[in-house]
Amino acid sequence: MSIAVALHDVSCVFHSQNMTVRAVDGVSLNIAEGEFFTLLGPSGSGKTTCLRMIGGFTLPSTGSIQIYGEEVSQRPPYERPVNTVFQDYALFPHMSILDNVAYGLMVKGVDRTTREKKAASMLELVQLPEMGKRRPVQLSGGQRQRVALARALVNEPRVLLLDEPLGALDLKLREQMQSELKSLQRKLGITFVFVTHDQHEALSMSDRVGVFNKGRLEQVATATELYNRPTSEFVAQFIGTANVFSGEQCAKVFGFKRAMLRPEQITLADAATAPLSGAVQEIQYFGSFWRARVGTAALGEVVVDLPVGGAALPVLGQQVGLTWSASLVHTLSPSAD
Amino acid sequence: MPSNPISSAPVRVSKAPGASLGLKISTWAVVAFLHIPLALIILYAFSAEDKTYVFPPPGLTTKWFAVALGREEVWAALLLSVKVALWATGIAMVLGTLAAAALARTQFFGREAINVLLILPIALPGILTGIALRSGYHTLEIPFSFWTIVIGHATFCVVVVYNNAVARLRRMSPTLIEASMDLGANLFQTLRYIILPQLGSALLAGGLLAFALSFDEVIVTTFTAGQQTTLPIWMLQELVRPRQRPVTNVVAVFVIALTAIPILLAYWLTRADEDSQTR
């Protein structure tokens, strides 16, 4: 499989009024052809800057960016074989939906009949066949999102960049668009580079995820690997919920200096015989499970997820024992910070 | 961007609290104070009396329109004024747009200073602009001509074009330009297909205002014109020697029409735009 996008030691430094910000700091990354790759991280972690450097809207301070082996790091956006779906969609308000979608073909000099036919079939692909004559203001948020997608895809890009494209949609629509995007990507076989701060979105859609923290790439892995074998405390805490322990007490209980256990990997047991015990401080209902917070003397607060319809729930203040399978305990290296 | 335009639309207050009677009366008094003189000018254009302003006019006639149209110097002055206004507006549109493009989104040393200096000519008393230009022409040994008037007018015409363009550019989402370039358009294509259409009505409104400003300008023109007589200057000269006064009023009626129409159009254009943007 060939490499679609390759970043080699890319940094981006912004200077603003006697402040220097390393938005992206020494990132190296290979994205394979046809891959659904997600850049995940909290706001300000550098994921969007990274995407903008691939698109050409921000130029890297150092390092090289290659798209299908071709060095593009200093090229303007219109000389790169990528297209972008913007966070605010950026539809041209003075053009009809059809003209918006046909724009990329129009500036390349494709004749009107051909480009309008292609644009119309692209609108069909995103299930908006009747909307061509309307203006962007007449469309709902979800519809605009689809138009932005069609407008990018009509150019048959080799790589599609998506900058938090679902961020402005409500939950139901967002979940629907997630599965639509995923099936569209499978159908077209185009490489997708997707930016989000939503870990659920990242885990459910991506082939691989790159987790960003403070301008650095902390870990690149598949969703299951990130969840089960995070390499740093930051990744462990950012993806899902994690109990991260450290220190001498941790070594005594688990046999490692730093260990991680997911809340659902812990079960309740008899307080007298369990390796860890404490009082239930809080208990919350989440629909598919109950989440209890147990205050232990040895390791502080431990989060435990209890299945619905399982054993009787403990009450607040009750002493409970905690147990787990030793094979699930994951060891961690200290975080970059 | 609101996803549901209905729920997020501003609530229209159907019953605004009524203004007090005193406020209503004083508002209408101010409107009357501003507009009765204009009405009188229009009335006197039809007056049968030709030496003094008598109210009410002894009789009404339309003969002054024929007299005014028959006087060659009126036509010459009108033509000069229109030509000056067109040139000044054209120069202002090019320079104002370029200045707006440079200042709308960028950050550089001295940006605020340039912004203030660009707007200054419209706040500055015309007499200062006039004196400054006159001494400038003198120092540079530029003889007075049609072009010295045009340059004088362009100084304040630039301001209205700049103001309109910069406001529109700041409202425009910067990702529109990025999206255009992302879709393969180079800088020139982006300017032609995205930026100029977005600026269009703002530029038109700015141009119309600039035309109106230039058309009735007296002070700067007085300082920068040589032998040329623009329409406002001609009117000033006519007032000094009271011959066929109603002819001056007829010309004034033309001036009112020629300046009011562009200003109303500009107002209507910018308002319609704001409506569609905030929708």
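Excluded from the calculations below are hydrogen atoms, water molecules and symmetry mates; all remaining heavy atoms, backbone and side chain alike, are included. As the structure is a computational prediction, the values presented were derived from the model and not from experiment.
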Stepwise side-chain contact (heavy atoms from CB on, under 4.5 Å) check, Thr175(B) with Tyr89(A): CA-CA 8 Å; Thr175(B) 47; Tyr89(A) 316 137; over 6 Å; no
Whether over 12 other heavy atoms sit under 6.0 Å from Arg192(B) CZ: no
Side-chain heavy atoms of Met106(A) within contact of Tyr193(B), under 4.5 Å: yes
Pairwise side-chain contact, Ile194(B) with Tyr103(A), heavy-atom cut-off 4.5 Å (strictly under): yes
Atom pair CG/CG of Asp88(A) and Leu176(B) - distance to nearest 0.5 Å: 7.5 Å
Closest-packed option against chain A by number of heavy-atom pairs under 4.5 Å, given Ala179(B), Ser173(B), Pro174(B): Ala179(B)
Neighbour count >12 (heavy atoms, 6.0 Å) for atom NE2, His94(A): yes
Proximal component of Leu187(B), with respect to chain A [non-hydrogen, under 4.5 Å]: both
Side chain, backbone, both or neither of Leu91(A) within contact of chain B (heavy atoms, under 4.5 Å): backbone
Nearest-0.5 Å distance that lies between atom CD in Glu178(B) and atom OG1 in Thr58(A): 7.0 Å
Other residues, nucleotides, ligands: >12 heavy atoms within 6.0 Å of Glu156(A) CD: no
Nearest-0.5 Å distance, CG of residue Asp182(B) to CG of residue Leu161(A): 7.0 Å
Choice from Ala90(A), Gly104(A), Ala152(A), Ala148(A) maximising heavy atom contacts with chain B below 4.5 Å: Ala90(A)
Selection from Gln87(A), Lys108(A), Arg52(A), Met95(A) maximising heavy-atom pairs under 4.5 Å formed with chain B: Arg52(A)
Residue, of Gly56(A), Gly142(A), Pro93(A), that accumulates the most heavy atom pairs under 4.5 Å with chain B: Pro93(A)
Rounded distance [0.5 Å steps], CZ in Phe92(A) versus OG in Ser180(B): 5.0 Å
